[in-house]
Participant: 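Can you read through this structure? Questions will come right after.
So you know, we letter chains A, B, ... as the sequences are listed, proteins then strands, and number each from 1. Just so it is clear, the structure is predicted and the values come from calculations on it, not from any experiment. Atoms considered below: every heavy atom in the structure, side chains included; atoms not considered: hydrogens, waters and symmetry mates.
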There are 2 protein chains.
Amino acid sequence: MNDALVKVNGCWHISSMTKAPAKIPKSDKTRQAILEAAQRLFYERGYDGASVRQIAKEVPIDPAMIMRYFGSKEGLFSAAVLIDLKLPNPEDIPQDKAGERLVRHFLMLWEGERSTLGLPILLRSAVSNQDASDKIRAIFEKQVAPTIAGITSLDDADTRAGLIVSQLFGLALCRYILRLPPVVDMTEEEVVARIGPIIQHHIGSSV
Amino acid sequence: MNDALVKVNGCWHISSMTKAPAKIPKSDKTRQAILEAAQRLFYERGYDGASVRQIAKEVPIDPAMIMRYFGSKEGLFSAAVLIDLKLPNPEDIPQDKAGERLVRHFLMLWEGERSTLGLPILLRSAVSNQDASDKIRAIFEKQVAPTIAGITSLDDADTRAGLIVSQLFGLALCRYILRLPPVVDMTEEEVVARIGPIIQHHIGSSV
DNA sequence: CGCGGAAGTCAACGAGCGTTGGCAAAATAA
DNA sequence: TTATTTTGCCAACGCTCGTTGACTTCCGCG
């Protein structure tokens, strides 16, 4: 399963989870409809939980069309999950505000508009699907870790990035997936006020 | 799906996920073998990912026996997942060491012996399975939140418990499921040193 | 011994899954 | 017009799933 992250006009794509059909038939209308249904179902149930047939029924379209448009379920998954964390440039972040900024950015990734659904989908899929967790590791390595390394001035930036991601993923897990009431009930501002300083602490400033 | 947490000789059980077969045939040998195989597979793949047939093949035994012993897949799941977090009494924890103690306890839950596998199994299952996340919420409510409330002297104990669980689940997610290298590579002592103070901070002492 | 019940095997069910190839309709090109 | 490509539906494949009921084997008790 030799895939790689490829940057195409500003967005990260996964290339060749399986080899895509060379000629893309382009009825962009239905292609887009399939993608949107796929995003919603993958988001709600993860890779294994969402079936091609369910997605097809939502469009609605015949399941065979999905195979023609995307080659396989994995091809559809790759196309549906655009993984661009849109992390800001490290230079644009004042170091003493980095914690707050990162938490706000992360909340936006989860609560924001459709185009950034990739992370929720991946997290939901990664628990039961090996490929999805491989991808999360790749994203960590190529997008998160470098950004953190660019912000902090300390040496063990990788460990610090890991701790930051642990905190943010834990937040997402409890707030959006497990839906623990106290974590769900916090307003966005409360979350920023509570978690921001912790991220800031990991980056290296005082808490 | 009206189940409840019931405490039986010191351990939390889930009662009646479906109604259990009234008369339990008791070849305790194979019953135990089935339970152990089920625990391992549920642990590795979650509720949806592990199949009755796979579990049966591991024992090895005919899948039909599992139905006879546990009534259904859900019955097996309920029997396999004993959820006793074995949280220490709040009075036994010196408040200024609570962060360290809780992190050590949580690591023990994940890396320790078989009898406490319930939490990993539930977390892996909860992402795709509604019942499992219901159970996690119940455990939070009945075991975690009261313990935290007993330790901290502050008023918003529920929110603090939520934040603590967010941090600990995020750690488990990155370390044991996503296997992010920097988080995996930390020694147990490093984890305690890095995460302990954060838990301590949430409890209310200074960091 | 025989008998009864428990322990275990076997084959099958209906359903859902990803995927395939063939065929009809529609659009497009010649 | 005819010919060709695109777009879509349909039926089926081989598979795994949870679950069922009939069947055999074994063990203990009289």
Participant: Identify which nucleotide among C:dT9, D:dC9, D:dG18 has an atom closest to any side-chain atom of A:Met65, counting heavy atoms from C-beta outward.
Facilitator: D:dC9

Participant: Any idea which heavy atoms bring A:Arg160 and A:His201 closest together, and the distance?
Facilitator: NH1-O, 4.1 Å

Participant: What is the distance from CD1 of B:Ile34 to P of C:dT9, rounded to the nearest Å?
Facilitator: 10 Å

Participant: Take the protein atom CD of B:Gln54 and the nucleotide atom C1' of D:dC17, then report the distance between them rounded to whole Å.
Facilitator: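 Distance check: B:Gln54 CD to D:dC17 C1' gives 10 Å.
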
Participant: Please give, in whole Å, the distance from D:dC27 P to B:Lys29 NZ?
Facilitator: 13 Å

Participant: Which residue, A:Asp62 or B:Pro63, contacts DNA chain D at a nucleotide closer to its 5' end, judged by nearest heavy atom?
Facilitator: A:Asp62

Participant: Between A:Arg194 and B:Asp156 (salt bridge meaning N to carboxylate O under 4.0 Å), is one present in this structure?
Facilitator: yes

Participant: Map A:Asp48 and B:Arg53 onto DNA chain C by nearest heavy atom, then report which one ends up closer to the 5' terminus.
Facilitator: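 Nearest nucleotide further toward 5': that of B:Arg53.
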
Participant: Could you tell me how far apart B:Arg68 (CZ) and C:dC10 (P) are, to the nearest whole angstrom?
Facilitator: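 Checked: the CZ to P distance equals 14 Å.
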
Participant: In this structure, how many angstroms lie between the P atom of D:dG18 and the CG atom of B:Leu41, rounded?
Facilitator: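 Rounded to the whole Å, the gap is 11 Å.
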
Participant: With a 4.0 Å cutoff (strictly under), does any side-chain N or O of A:Thr30 reach OP1 or OP2 of D:dT7?
Facilitator: no

Participant: What's the NZ-P distance between A:Lys57 and D:dC9, to the nearest Å?
Facilitator: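 So the NZ-P distance, A:Lys57 to D:dC9, works out to 14 Å.
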
Participant: Figure out the CD1/C1' separation between A:Ile66 and D:dC9, and round it to whole Å.
Facilitator: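 Computing the A:Ile66:CD1 to D:dC9:C1' distance gives 14 Å.
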
Participant: For A:Leu154 versus A:Ile203, what's the shortest heavy-atom pair and its separation?
Facilitator: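 Looks like CD1-O, 3.8 Å.
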
Participant: Starting the side chain at C-beta, find the nucleotide from C:dC17, D:dG8, D:dC17 nearest to B:Ser51.
Facilitator: D:dC17

Participant: Please find the pair of heavy atoms, one from B:Glu189 and one from B:Arg104, that lie closest to each other, and give the distance.
Facilitator: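 In terms of heavy atoms, the two residues are closest at OE2-NH1, 2.9 Å.
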
Participant: Provide, to the nearest angstrom, the distance between the NZ atom belonging to A:Lys73 and the C1' atom belonging to D:dC15.
Facilitator: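 To the nearest whole Å, that distance equals 14 Å.
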
Participant: Output the single nucleotide from C:dC17, C:dA7, C:dT20 whose closest atom is nearest the side chain of B:Tyr69.
Facilitator: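 Taking heavy atoms from C-beta onward, the closest nucleotide is C:dA7.
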
Participant: Among C:dT20, D:dT20, D:dT19, which is the nearest nucleotide to the side chain of B:Ser72?
Facilitator: D:dT19

Participant: Please walk me through it: do A:Leu178 and B:Phe169 pass side chain to side chain contact (heavy atoms under 4.5 Å, CB included)?
Facilitator: CA-CA 10 Å; A:Leu178 301 182; B:Phe169 275 3; 3.5 Å; yes

